[in-house]
Every structure is written in structure tokens, then in C-alpha cells.
Enquirer: 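Pasting a structure below so you can have a look.
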Amino acid sequence: MARIAGPLQRLLLACGAGALLSGCYTVDQRRFAASMHALLPEGVAASEAVRRLQANGFNCYGSSAVPTCAKTRQRLLPSTCIERVNLVVAPGTDVLESVEVQPIVCAGF
């Protein structure tokens, strides 16, 4: 029985480590920018853009002309990354003019 337990334990440990690592957040600026531009097309109402971002875990703050939205992401390492997006609203309207995707910033040990 002890012979079976050793290989079985190693298999379970390897599967557990693989599952843990597959759920990790990794920085991918290109993918983040593409997802933001797909989620927030130009011409959508700024209030709708903010709702969409909040539904995706972002917190929004700042002026109504250029609200900034940010989302904190935890990594496997003891560090945190922040994804940020500035929404530029056309003057005198509630229409999204452009989306400024900021570089992802990470800090930690």
C-alpha cells in the first residue's frame, strides 16, 4: 500500500500545482487593450461604458469628462497588478470618444 501512496501523492501534487498555476493572472498588455476596445466601442454612451467596466470588476472615479477606471489583480507571487482605462467623453455629450488603455502596473516582493 505504501508503494501506491507515493506515486499517487506525487500525481495529486502535480495536478494540484498545475491547477493552481493555470489560474494565475499574467500580464498581457496586448490582450488587455484588445479586450477593452472590444468592450468599449467608440460612440457608446459613457454611462454605459462605466456600467460595463464596473460589471467586469473595475472601480471608476474622476471627472465625468475623463473618468478613470481601475481593476486590481492578484498574482501567484506576492504582488498586485493594476489595470487602468481612461474614458474620453466628447465635449458636451455623454458619448465615448476614445478609450485610453494605460500600461498595466505591478508591484510587490
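Because the structure is a prediction, the values reported are computed rather than measured. When reading the values below, keep in mind they use all heavy atoms of this one structure, side chains included, and skip hydrogens, waters and symmetry mates.
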Enquirer: Could you please spell out the steps behind the side chain to side chain contact (heavy atoms under 4.5 Å, CB included) verdict for V99 and H37?
Expert: CA-CA 7 Å; V99 176; H37 289 294; 4.0 Å; yes
Enquirer: Under 4.5 Å between side-chain heavy atoms, hopping through other hydrophobics if needed: is there a path connecting V88 to V50?
Expert: no
Enquirer: If you look at every heavy atom in F32 and E83, which pair is closest and at what distance?
Expert: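 What the structure gives for the nearest pair is CZ-CB, 3.4 Å.
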Enquirer: Would you compute the distance between atom CZ of R31 and atom CE of M36 and round it to the nearest 0.5 angstrom?
Expert: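 So the CZ of R31 and the CE of M36 are separated by 11.0 Å.
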Enquirer: Heavy atoms only: give me the nearest Q74-S79 pair and the separation to one decimal.
Expert: OE1-O, 3.7 Å
Enquirer: Could you check V85 against T68 for side chain to side chain contact (heavy atoms under 4.5 Å, CB included), going step by step and ending with a plain yes or no?
Expert: CA-CA 6 Å; V85 178; T68 298; over 6 Å; no
Enquirer: Report whether L39 and I104 are members of the same hydrophobic cluster (ILVMFWY, side-chain heavy atoms less than 4.5 Å apart, transitive linking).
Expert: yes
Enquirer: Is there a path of hydrophobic side-chain contacts, each under 4.5 Å between heavy atoms of I/L/V/M/F/W/Y residues, joining V66 to I82?
Expert: no
Enquirer: List the atom of A70, the atom of R84, and the distance in Å for their closest heavy-atom pair.
Expert: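 Heavy atoms of A70 and R84 come nearest at CB-CG, 3.9 Å.
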Enquirer: Would you say that R73 contacts T80 through its side chain, given a criterion of any heavy-atom pair below 4.5 Å between the two side chains?
Expert: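 No, their side chains stay 4.5 Å or more apart.
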Enquirer: State, with a plain yes or no, whether a side-chain heavy atom of N59 is found less than 4.5 Å away from one of C69.
Expert: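 Not touching, per the 4.5 Å side-chain cut-off.
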Enquirer: Heavy-atom distance under 4.5 Å between the side chains of S98 and L87, does that happen here?
Expert: no
Enquirer: For residues V101 and V89: do they belong to one hydrophobic cluster (side chain heavy atoms under 4.5 Å, members Ile, Leu, Val, Met, Phe, Trp, Tyr)?
Expert: no
Enquirer: Which residues pass the salt bridge (charged side-chain N to carboxylate O under 4.0 Å, His left out) test with E48, sequence neighbours left out?
Expert: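 R51, R52.
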